[in-house]
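Here is the structure we will look at, set down as structure tokens.
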Amino acid sequence: MATLSTPPVSLPRHPNTTTTTVNNDLLSLIDQCTNTKQLQQVHARMLRTGLFFDPYSSSKLITASALSSFSSLDYARRVFDQIPQPNLYTWNTLIRGYASSSEPSQSIVVFLEMLYRGCELPNKFTYPFVIKAASELKDLLIGTGFHGMVIKSSLGSDVFILNSLIHFYGSCGDLDLAYRVFLNIPKKDLVSWNSMITAFVQGNYPNKVFEMFREMELENVKPNDITMLGVLSACAKKVDIEFGRWVCSYIERNEIRVNLTLNNAMLDMYVKCGSIEDAKRLFDNMQEKDVVSWTTMLDGYAQLEKYDEAHRVFEAMPCQDIAAWNVLISSYEQNGKPKEALATFRKLQTSKTAKPDEVTLVSTLSSCAQLGAIDLGRWIHVYIKKQGIKMNCHLTTSLIDMYAKCGELEEALEVFNSVERKDVFNWSAMIAGLAMHGRGRAALDLFSRMLEAKVKPNAVTFTNILCACSHTGLVDEGRNLFHQMEPIYGVVPGLKHYTCMVDILGRSGHLKEAMQFIEEMPIAPNASVWGALLASCRLHGNVELAEKACSQLLELDPKNHGAYVLLSNIYAKSGKWDQVSGLRKFMRDSGLKKEPGCSLIEVNGIIHEFLVGDNSHPLSKEIYSKLDEVATRLKSVGYAPNESHLLQLVEEEGMKEHALNLHSEKLAIAYGLIGMGPSQPIRVVKNLRVCGDCHSFAKLISRLYEREILLRDRYRFHHFKEGHCSCMDFW
DNA sequence: GTAGGGTTAG
């Protein structure tokens, strides 16, 4: 490695020229350097000739080491430390270098060092750099401090500084402050408008963006490509294709310079608005395309679940970087195809064309959570640690969610406790985890701790905490929290919260109050709200209210199979067989199909899937004889299948008992008994709600076979142990 | 000799 004493062998010598020429040549050599080594050689020469101690020259060296394409800030800092009396320009260069580096906090450290040494005072160039650093750090306190200093040093009307403050407040999510700065700029320029528009885009206020755009027109400020990027992004967020198309023609009419980035933004707008045709037309006409253009097209097809097309794009891309893989994996995960997501993840691993990043792992963990695939989930956790992948809040939230949904509440808590700066998503995921395991009190305690930690709950937090109340029958607590949402926490209750409240009230038998609650809703109830009431009516056998809820539900969602099922269960429970068969006939005639019950079980890292009455499994024979054996043992302890849980889908009475035997969760449990060691808990994930019969079945198995069973259904966990269930039979 | 606004995946 070259040191300062290494002779600069590769540099041309100029023995016959004057000192000035040598110096000028040296300085111009700085611009020609393409790596740090060359720069070090120039540096060494400058030290020998004494040129280094000329402030202008040493600053040039700092600029090159801090801002060039091969920049090394460590080196820049070492150069800086050799300068006996750095001037303001030199300080600014170093501050600027750090501001856009991976360590923006260093920018502020250097700034404070400068103040502390007391030789130089910051000027109008210094502030945009440190404010940028504060934006990168999203540190409201520090940035606000700079804002104060700017005003005190009477730089408060400098448009460059004010524009960077808009950007800063915007990236901290404080749009009010950003807008206040904007309004107070005496002479706004285009960048002021653009900064404000971008802040509104990032804060997810597309309407405000449109408002600003109109105002610009009124004030005769001509937009440029950056403005249009913001406006297009707002169209994408609003899913407003009409306006989006208009914006594209506006760009054309007003001869706004269209570069690759702007084309990509148009593509993205078309894709987000669901018009793959427009996107394709533009894409085909684009002279220049980059990886973003390709990834955006890929995303367009994947979002629409046109996977054949998506794969064609994927294969045709010039390079399949991790973003492309992530598009595929996350679209599978979000479109309810977790198995395909995991298969794609495995392909990524074998292809080795790209390295999984946090986004990949978040989607993959979420797929594991959906499937209950604890083995792969754990493997990813280890992978993250081994690869030294930086844990961010997205990742820790996914891990918490994965462990909780795979039944490992303790491990979820372990991850949660290890997070130093917990964000609202970490807290919400943990509350949801406790809720689904029926630990309502613990969820409420955690919510209090969250408030103590000064983390502001959001709409999701409230859905989760209300859910916790409903699973544990905490009626008063739920009611109180619901009423505090808006006045105390500023979260306007949405349909999900109303649904939870109806569930809390109805499930605990307060059917009248639940009905009244719905009638007093300020927003129109949707199918879920009525569905929650209907489910409660089933639980408490209220036929009259059930019919009402059902008719409302079907008015909103005529194809809701669940409504017919619930109603027919209610009729069956009260012995109204005529109505039951009438409903059945109607369902048959209108071609309504029940979503087939399906259970998953992971054995030795492989996911096995069972449908009702499934006999496609290679070990099907063994599974059924296991079930027979279980049935005999259970009968001997007095278990009789509860036929009222059987939906009246089986014609012959004698078939009922048999049909109950075929529920997918029973098949999965039987397979677990065969395939898993006696000390391993049997983990089953079911897509529908577990029926009462299977619930008693699982309880008895846990006692007779001394096996723990973790059954996750559509709504929650049932943890069977020694003949009891964690839900205390309240579900 | 120094400055501010930007497109893809969660």
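FYI, side chains are in, hydrogens and waters are out, and symmetry mates aren't considered; it's all heavy atoms of this structure. Just so it is clear: chains get the letters A, B, ... in the order the sequence lines come, proteins before strands, and each one is counted from 1.
Salt bridge absent: A:R257 and A:E252 never bring a charged side-chain N and a carboxylate O closer than 4.0 Å. Between A:R312 and A:E315, none of the side-chain N atoms (NZ, or NE/NH1/NH2) sits under 4.0 Å from a carboxylate O, so this pair counts as no salt bridge. Between A:D278 and A:R281, at least one side-chain N (NZ, or NE/NH1/NH2) sits under 4.0 Å from a carboxylate O, which counts as a salt bridge. Between A:K280 and A:D284, at least one side-chain N (NZ, or NE/NH1/NH2) sits under 4.0 Å from a carboxylate O, which counts as a salt bridge.
Each of B:dG5, B:dA3, B:dG1 was ranked by its minimum atom distance to the side chain of A:I226; first place goes to B:dG5. The side chain of A:S330 has B:dA9 as its nearest neighbour among B:dA9, B:dG5, B:dT2. Of the candidates B:dT2, B:dG5, B:dA9, the closest approach to any side-chain atom of A:N123 belongs to B:dT2. In the set B:dG5, B:dG6, B:dT2, B:dG5 carries the atom at the smallest distance from any side-chain atom of A:V191. With B:dG10, B:dA3, B:dG5 as the choices, the nucleotide that has an atom nearest any side-chain atom of A:F129 turns out to be B:dA3. Closest to the side chain of A:Y89, from the set B:dT2, B:dG10, B:dG5, is B:dT2.
Remark: aromatic rings of A:Y301 and A:H311 are distant, center separation not under 6.0 Å. You'll find the ring centres of A:F168 and A:H147 outside the 6.0 Å limit.
For A:Q202 and B:dG6, the shortest distance from a side-chain N or O to OP1 or OP2 is below 4.0 Å.
One can place CG of A:D357 at 10 Å from C1' of B:dG10, the figure rounded to the nearest angstrom. Straight-line distance from the CG atom of A:N426 to the C1' atom of B:dG10: 14 Å, rounded to whole Å. Taking atom CD1 on A:I384 and atom C1' on B:dG10, their separation rounds to 13 Å, with Å as the unit. When rounded to the nearest whole Å, the span between CD1 of A:I166 and P of B:dG5 equals 11 Å.
The base of B:dG5 sits within donor-acceptor range of the side chain of A:N224, with an N or O pair under 3.5 Å. Between the side chain of A:S363 and the base of B:dG10 there is no donor-acceptor pair of N/O atoms closer than 3.5 Å.
A:Q320 and A:T353 share no donor-acceptor pair across their side chains, judged by distance under 3.5 Å alone. Under 3.5 Å, the side chains of A:D189 and A:S192 contain a donor-acceptor pair of N or O atoms.
Taking every heavy atom of residues 286-298 of chain A and every atom of DNA chain B, pairs under 4.0 Å involve A:V292, A:T295, A:T296, by number. DNA chain B is contacted by A:N264, A:D268, A:K272 of residues 263-276 of chain A, taking any non-hydrogen atom closer than 4.0 Å.
A stacking contact links A:F160 to B:dA3: the aromatic ring centre lies within less than 5.5 Å of the base's six-membered ring centre, and the planes differ by less than 30°.
A:H167 comes within 4.0 angstrom of the backbone, heavy atoms only, and of no base.
In terms of the side chain to side chain donor-acceptor pair (under 3.5 Å) criterion, A:K132 has no residue partners (sequence neighbours excluded).
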